[in-house]
Amino acid sequence: MIKVLEKNIADKISAGEVVERPLSVVKELVENSIDASATSITVEIKNGGKSFIRVTDNGCGILGEEVEIAFLRHATSKIREISDLSAIDSLGFRGEALASISAVTRTTLITKTEKEKTGKKIVINGGEIIENSVTGCPDGTTIIVTDLFYNTPARRKFLKNDGAESGLIIDFLSEIALAYSKLKIQLINNGKIIFSTRGDGNQKNTLTSVYNRKEYRDLIEVNYNTDEYKITGCISKPSLSRTSRREQVFFVNGRVIKSKILDKGVNEGYKERLFEGRYPIVFLFIKVDPAEVDVNIHPNKREIRFNNEKSIIENVRNAIVETLSSKKSLVEFSDYYNPKTIYEKETPLFLHEEKSTDNIEQVDIKNILKSKRCESESKISINEEEKKTDNNIEEECKPELKLERPNHIPFNFEELQILGSIFDTYITCVDSNSFYLIDQHAAQERIFYEKLVSEYLSDTKPGQVILTPITVDVPISLGENSYNWLDSLRDMGYVIDNFGPDNSYIIREIPFFMEISEAENFVKYYIEQLDENINLRNSVVIDKLIMRSCKSAIKAHDKLSHQEKVALLNELSHCKNPFSCPHGRPTFLRFSIYDIEKMFKRV
Ligand code: ADP
Ligand code: MG
């Protein structure tokens, strides 16, 4: 027998589609507040939102005569005609949220518009109107939702523990606060303020408030504009990094997005500025023509497809490189002055599900092991790196390494005045408002590395003939691939040939800028890292090989004359990335006048 369901049964069923868990209630209510042009929203929850949710806003309110209508299914003020659908700019428009929420909870709504003298209070339990009365209240709307699923106990069973449910809500509201930095947002959990933003439109202030981390004050602001992209946000200096990507959050056109492509842009931007296994803190807000992205590839809309992946990688990279080349992003004494700020315990962000289970411990151990392994076993990590490289982005045939300099480096080397050096290791310099220590050896490594890569990349290979040729023995058969280790050394400017016994080779010419001992050591270390499985066509692999071999090969010139210091700084200034050695250690340490005055307690 077919029967039409009673209204309250039908409502409960459709409520299930909208209201899955406390987070869904908060999400719908907060979106309504934003749609109502609120500038201030307070959310209070108890027991993960299961027993109590209150959302208060200072938005437009609901007219007294329309309060009951708002709770009817398909009641909305946001669309009238089919044609409105295509031009929607509000977050919700299906007119189902209030009806659904009130069907499975006890709901109280108190609201007043600016033009009315009195407000309205309406109480609905499980879809039944219990009270509808006139009340005094401020402009705006407060909705209190208690006892979620009290009348559908089966649904309650699917909820997670309080911590996990509140975690989801905290994550959601954090994202909203960051995406809408002009909104004042406060979140209270079990009587405790989780965060409270100023709503001043400043992304850095908002970040600092949401995560309540002192060290976020030291993040550097990104401001990058091209015809196609506007990238803003905050990133950490290389001196502040983490063991995971947890503190890397991307908003694309206002929505939080997870994307390997964006990760890749960040990696390239920080390339050589961080040690392996370390990740910077990155909050980026990317605005791009909506026609250039497809957000519908994932039901949660957390993933996105970019039409032009290369271009987004390049622009994220440029935005970061440009930001990191400014004077304010040089590693400063104060970054290390208070070691606590650097080693402060890392707590997860946007991953509260993990936080409330035991996973967190495992994840960290995994990461630590991973970075340890990278440090100690060079071969393995090269092969891992090879695997990691994204296939569709990887360059084929001859590895295409790149040495790109950002469009402009805001740091002015010409202003630097060399004072001398200390411990025969650190060059001392000043400019108008800072004192600098420059690590000679790190600087030499950087210069050596860039010269080698640019020789490798250039068509002409200026070499120098050596009087006594160097001979090297290659311990194992390194394979006879079409592009093998011999070719790669020749591409760096070596003239090297097989000689006599099978595994002996003779070097007659070396790259123009090397000393003989450096050239010999370089080849030795280079060969030591090879095995028959290594893919020398992979740019990441060859880059790593060069980087590592440089480090071991370079001869430290301890005592430098003034001329040599001038020359070193000059060469450094021509480097694409002068501020760190290829392994991520800083070349520069900056002490601002302010830092120094602070130490002397003048300020
Ligand atoms: P929708 O948001 O899809 O229109 P809802 O059920 O969420 O449907 O809300 C129904 C209507 O109630 C909205 O269209 C809006 O007119 C009104 N409303 C809901 N919440 C608020 C609020 N916080 N401030 C002002 N009006 C609101
Ligand atoms: Mg809505």
Side-chain angles (χ1 to χ4, degrees), residues 7-8 10-45 49 53-116 118-129 132 135 137-145 148 169 172-173 176 180 183-187 199 254 301:
K7 179 183 168 298
N8 75 334
D11 280 354
K12 278 188 197 170
I13 292 172
S14 19
E17 290 163 23
V18 178
V19 184
E20 194 196 340
R21 53 181 358 107
L23 170 67
S24 351
V25 176
V26 171
K27 188 166 179 288
E28 293 293 342
L29 297 182
V30 167
E31 288 183 349
N32 279 348
S33 297
I34 295 174
D35 285 345
S37 310
T39 57
S40 171
I41 302 172
T42 299
V43 177
E44 180 167 3
I45 57 172
I53 295 170
R54 176 167 58 203
V55 177
T56 303
D57 70 49
N58 65 349
C60 65
I62 303 173
L63 283 172
E65 70 219 38
E66 292 186 345
V67 166
E68 280 189 24
I69 303 171
F71 282 89
L72 295 178
R73 198 160 296 282
H74 305 304
T76 178
S77 57
K78 296 165 195 173
I79 43 176
R80 289 275 166 270
E81 292 166 17
I82 285 287
S83 60
D84 293 343
L85 274 173
S86 54
I88 261 171
D89 62 355
S90 59
L91 297 170
F93 54 85
R94 290 180 307 166
E96 282 186 316
L98 291 186
S100 301
I101 293 167
S102 62
V104 291
T105 63
R106 302 182 214 273
T107 300
T108 301
L109 177 139
I110 300 162
T111 188
K112 182 177 124 33
T113 59
E114 198 186 341
K115 64 178 187 193
E116 288 169 306
T118 54
K120 264 287 178 85
K121 174 180 177 189
I122 182 165
V123 180
I124 302 181
N125 289 351
E128 301 257 339
I129 300 179
N132 183 353
T135 180
C137 62
D139 294 350
T141 304
T142 294
I143 302 192
I144 302 161
V145 172
L148 178 64
I169 294 171
F172 164 73
L173 216 63
I176 288 281
Y180 296 84
L183 282 184
K184 245 184 166 143
I185 295 191
Q186 188 171 57
L187 174 61
K301 297 191 177 158

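Indexing begins at 1, ligand by ligand and atom by atom, following the structure's order. Everything quoted here is computed from the prediction, not taken from an experiment.
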Considering the heavy atoms of [X], write down every atom of ligand 1 situated less than 4.0 Å from one of them.
{"X": "Thr76", "result": "1 (P), 4 (O), 14 (O)"}
{"X": "Ala75", "result": "8 (O), 10 (C)"}
{"X": "Ala70", "result": "10 (C), 12 (O)"}
{"X": "Ser77", "result": "13 (C), 14 (O), 15 (C), 16 (O)"}

Exercise for the section: For residues Pro22 and Ile169, report the shortest heavy-atom separation together with the two atoms involved. Expected result: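 So the two residues come closest at CB-CD1, 3.9 Å.
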
Exercise for the section: Determine the minimum heavy-atom distance between Thr113 and Ile62, stating which atoms define it. Expected result: CG2-C, 3.5 Å

Handout entry: Non-neighbouring partners of Glu68 that pass side-chain hydrogen bond (donor to acceptor under 3.5 Å, both in side chains), sequence neighbours left out
Key =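 Once residues adjacent in sequence are excluded, the partners of Glu68 under the side-chain hydrogen bond (donor to acceptor under 3.5 Å, both in side chains) criterion are Asn132.
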
Handout entry: Donor-acceptor side-chain pairing of Thr107 and Ser102 below 3.5 angstrom
Key = no

Handout entry: Side-chain H-bond candidate by donor/acceptor type, Asp57 with Ser40, under 3.5 Å
Key = no

Problem - Note, Asn58 side chain near Thr39 side chain (heavy atom, < 4.5 Å) - result: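 Yes - at least one pair of side-chain heavy atoms lies under 4.5 Å apart.
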
Exercise for the section: For atom 21 (C) of ligand 1, state which one of Asn32, Val67, Asp57, Leu29 supplies the nearest heavy atom. Expected result: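 Minimum heavy-atom distance to atom 21 (C) of ligand 1 goes to Asn32.
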
Exercise for the section: Measure from atom 17 (C) of ligand 1 to every heavy atom in Asn58, Ile62, Val18 and give the option owning the shortest one. Expected result: Ile62

Handout entry: Any Glu96 heavy atom less than 4.0 Å from ligand 1
Key = yes

Handout entry: Gly59 touching ligand 1 at heavy-atom level, < 4.0 angstrom
Key =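 So Gly59 does not count as touching ligand 1.
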
Practice task
Return yes when at least one N/O/S atom of Asn32 is nearer than 2.8 Å to the Mg ion (ligand 2), and no when none is.
Solution key: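 Given the 2.8 Å cut-off, Asn32 counts as a ligand of the Mg ion (ligand 2).
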
